2 protein chains.
Amino acid sequence: MQQEHGFNRIERAPAYRLVYDAIEREILAGRLRVGDPLPAEMQLAEQFGVNRSTVREGIRLLEQSGLVERDGGKRPRISLPHYLDLASSASRALILHSVTFRELWEASMVLEPAIAEDAARHANAAGLAELSANLAAMEASVVRFESGAEADVIEFVRLDRVFHEILATIAGNRVLALAHEPVISLFIPAGQLILPRLRTYRRVLEAHRHIFDCLNAKDHAKARLWMHKHMDDFRRAYEMTALSLDDPLDAVSLGVSLGGSAARDREKG
Amino acid sequence: MQQEHGFNRIERAPAYRLVYDAIEREILAGRLRVGDPLPAEMQLAEQFGVNRSTVREGIRLLEQSGLVERDGGKRPRISLPHYLDLASSASRALILHSVTFRELWEASMVLEPAIAEDAARHANAAGLAELSANLAAMEASVVRFESGAEADVIEFVRLDRVFHEILATIAGNRVLALAHEPVISLFIPAGQLILPRLRTYRRVLEAHRHIFDCLNAKDHAKARLWMHKHMDDFRRAYEMTALSLDDPLDAVSLGVSLGGSAARDREKG
DNA sequence: TATTTCAGATTGTCCGACAAACGGACAGTT
DNA sequence: AACTGTCCGTTTGTCGGACAATCTGAAATA
């Protein structure tokens with residue numbers, strides 16, 4: 001099998017992909033502006049010289065990539081890919097790739113303290129108010145636990161997640177926030193496993209309180225430290241259960257959350 | 001228009017989306033295994049009781065979300081979303097959201113040193129060999145620059161990127177690697193702007209060399225330090241050009257890379 | 001002015017059809 | 001035995017046309 005010349009792979013992209021590429025290019029170049037409705041399928045079909053079905057398939061690609069958004073029955077509009085959507089694809093990909101909890105935890109040891117530090121630098125009244133409300137809700141939740149009511153772990157864990165997301169917002173770095181999202185959203189299923197066994201609800205709340213205080217005091221070094229400690233607690237808790245740090249996450253999480261369309265249900269505008 | 005009862009918004013997801021959800025669920029649950037070819041469109045259409053066109057539209061969604069991969073003409077196969085794909089969507093999203101270079105740089109000040117440190121911990125012969133080859137290629141490139149040849153900045157910047165990607169691979173944390181990808185891929189266009197003006201090619205190469213040496217010596221503290229310095233260099237260079245840290249990236253990068261299908265052209269298997 | 005009504009436009013879905021490409025079997029050549 | 005050419009059933013890519021449901025916007029009405 002001689003191969004003396006080495007031709008380039010001949011590529012024949014299907015028409016629906018060319019449609020996708022063309023429309024994507026128009027959007028990225030700003031010639032189709034965000035918020036505008038997409039041209040009618042028939043019109044696009046004529047312009048591209050292809051059948052309407054082909055255009056539709058191209059639009060599906062745009063739709064899944066987040067560049068086109070349908071508001072329910074209505075005419076689809078051009079939109080920015082919301083990075084929460086990306087984050088949820090990322091979470092799914094990480095699970096499918098059998099990422100271990102250790103990797104997840106190590107990443108969060110990098111990201112969360114940095115976010116806490118930035119948040120302390122940029123804290124403002126609005127953000128602190130949000131955090132405060134979150135802390136109050138979590139306090140109420142913990143009190144309910146301690147009074148013996150059946151534990152609504154789901155709600156507690158949700159509040160936990162929201163706390164960290166508010167922090168990421170306050171920090172004001174969208175690149176870090178984007179990196180942070182998949183991490184926090186994979187922590188959640190783990191938290192749902194750990195907390196009911198160890199019942200360390202109040203410990204989590206106290207950590208959040210300390211971090212909140214640091215933000216209030218604009219003490220970014222201390223904020224970083226407390227967050228570091230908070231994350232390390234999580235690892236210890238994980239180890240205390242029978243779970244191994246180096247097992248892939250799928251078994252843990254797949255059953256818990258990660259429904260196909262779950263990502264789309266969140267969102268508020 | 002009275003509304004005294006408050007019904008839940010009735011949601012009728014289009015059929016093609018249901019097809020997408022159903023197949024996605026089968027894949028996530030492992031009933032459709034990665035590598036297998038997708039069932040024939042006709043067969044799916046019969047099973048779901050919808051038309052073949054509808055199935056096709058659903059498959060387009062799967063395709064764009066990376067769960068289905070076509071190898072050119074051939075029968076599409078089920079695949080894991082490769083996170084390089086996700087990273088390129090993330091980059092695009094960040095640009096569309098007008099992220100500033102400051103955000104990017106701050107994120108890289110968090111991620112890159114952490115990666116360098118982990119890489120020094122986990123360095124192995126294979127990884128070091130790859131880095132070594134990369135350094136040699138970059139040395140050759142720099143020599144060409146210094147001998148007055150017209151500067152192939154594109155190639156130099158590509159080598160720069162590859163160096164950092166190898167490092168992320170060596171570090172062995174896929175969560176960090178995923179977070180890292182969009183950052184490095186947005187640095188590239190910036191690098192293409194800065195380097196020709198400042199001509200700091202050799203300085204970049206020296207930084208890489210130092211980091212490589214630290215990996216060889218398994219000195220993770222020093223690896224982190226050198227990377228920190230390397231990143232800080234980049235910011236200084238950015239400031240030295242007329243570019244402001246707080247301008248959004250789009251103007252800088254949109255013209256340079258970020259072609260629609262660029263992400264698909266990379267990849268090697 | 002506020003509401004209702006109505007016609008046109010647009011999307012979602014279906015049906016049927018055909019060319020091109022693929023996969024594999026089979027035979028022929030060296 | 002290895003390579004080439006041919007045939008055929010399967011599957012994808014693309015096309016054309018069709019229709020119901022819904023949305024849009026304007027005209028008609030109260």
Side-chain angles (χ1 to χ4, degrees), chain A residues 1-5 7-23 32 35-79 261 264, chain B residues 1-4 7-23 32 35-79 261 264 269:
Chain A
M1 193 166 287
Q2 68 237 16
Q3 179 179 359
E4 50 188 66
H5 189 86
F7 282 108
N8 299 353
R9 168 157 181 62
I10 190 167
E11 45 176 311
R12 261 182 51 73
Y16 66 81
R17 184 150 292 258
L18 297 179
V19 168
Y20 167 81
D21 286 339
I23 298 180
L32 284 178
D36 291 351
L38 205 60
E41 293 169 358
M42 241 346 192
Q43 194 176 327
L44 289 172
E46 282 174 22
Q47 288 187 28
F48 288 123
V50 300
N51 191 272
R52 183 171 155 237
S53 311
T54 305
V55 169
R56 284 175 65 77
E57 295 188 27
I59 292 181
R60 295 302 158 251
L61 296 179
L62 289 167
E63 197 174 316
Q64 188 64 14
S65 74
L67 287 169
V68 158
E69 197 180 29
R70 163 194 52 274
D71 192 12
K74 278 183 212 157
R75 182 121 90 268
R77 279 203 307 267
I78 296 172
S79 72
S261 51
R264 286 191 295 282
Chain B
M1 194 162 289
Q2 70 239 14
Q3 178 179 359
E4 52 187 62
F7 281 109
N8 299 354
R9 166 157 182 64
I10 189 166
E11 42 178 310
R12 261 182 51 74
Y16 65 81
R17 173 130 270 155
L18 298 179
V19 169
Y20 168 79
D21 286 339
I23 299 180
L32 284 178
D36 291 351
L38 206 59
E41 294 169 356
M42 239 349 191
Q43 194 176 328
L44 289 171
E46 282 174 21
Q47 289 187 28
F48 288 123
V50 299
N51 192 272
R52 184 172 151 235
S53 310
T54 305
V55 169
R56 285 175 66 77
E57 294 187 27
I59 292 180
R60 295 303 158 254
L61 296 179
L62 289 168
E63 195 174 320
Q64 188 65 14
S65 74
L67 289 170
V68 158
E69 196 181 30
R70 149 183 18 281
D71 192 9
K74 277 182 214 157
R75 182 120 91 269
R77 280 203 309 267
I78 296 173
S79 72
S261 51
R264 286 192 296 283

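Being a predicted model, the structure only gives us computed values, none of them experimental. Chain identifiers are assigned alphabetically (A, B, ...) following the order of the sequence lines, protein sequences preceding nucleic acid strands; residue numbering begins at 1 within each chain.
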Exercise for the section: Kindly indicate whether the side chain of Arg17(B) and the base of dG12(C) share any N or O donor-acceptor pair separated by less than 3.5 Å? Expected result: no
Fill in the blank from the handout: Taken to the nearest whole Å, OH/Tyr16(A) to C1'/dC15(D) is 16 Å
Problem - Options dT11(D), dT10(C), dG12(C), nucleotide nearest the side-chain atoms of Arg75(B) - result: dT11(D)
Problem - Distance below 4.0 Å between Ser53(B) side-chain N/O and dG12(C) OP1 or OP2 - result: no
Exercise for the section: May I ask you to evaluate whether Asn51(B) reaches the phosphate of dC15(C), defined as a side-chain N or O under 4.0 Å from OP1 or OP2? Expected result: yes
Problem - Given Arg17(B), Gln64(B), Arg60(B), the one that forms side chain to side chain donor-acceptor pair (under 3.5 Å) with Glu63(A) - result: Arg17(B)
Practice task
Would you indicate, yes or no, if dT11(C) has its OP1 or OP2 atom less than 4.0 angstrom from a side-chain nitrogen or oxygen of Arg56(A)?
Solution key: no
Fill in the blank from the handout: Tested for side-chain contact (heavy atoms from CB on, under 4.5 Å) against Tyr16(A), the lone hit among Leu61(A), Val55(A), Ile59(A) is Leu61(A)
Exercise for the section: Return the nearest nucleotide to the side chain of Glu57(A); candidates are dT11(C), dT14(D), dC14(C). Expected result: dT14(D)
Problem - Matching residue for Ile78(A) among Leu67(A), Leu62(A), Ile23(A), Leu38(A) - test: side-chain contact (heavy atoms from CB on, under 4.5 Å) - result: Leu38(A)
Practice task
Write down the distance between CZ (Arg77(B)) and C1' (dT12(D)), rounded to a whole number of angstrom.
Solution key: 15 Å
Fill in the blank from the handout: Whole-Å distance, Glu41(B) CD to dA17(C) C1', equals 15 Å
Handout entry: Minimum-distance nucleotide to Arg70(A) side chain [options: dG12(C), dT11(C), dA17(C)]
Key = dG12(C)
Handout entry: First encountered from the 5' end of DNA chain C, between Met42(A) and Arg52(B)
Key = Met42(A)
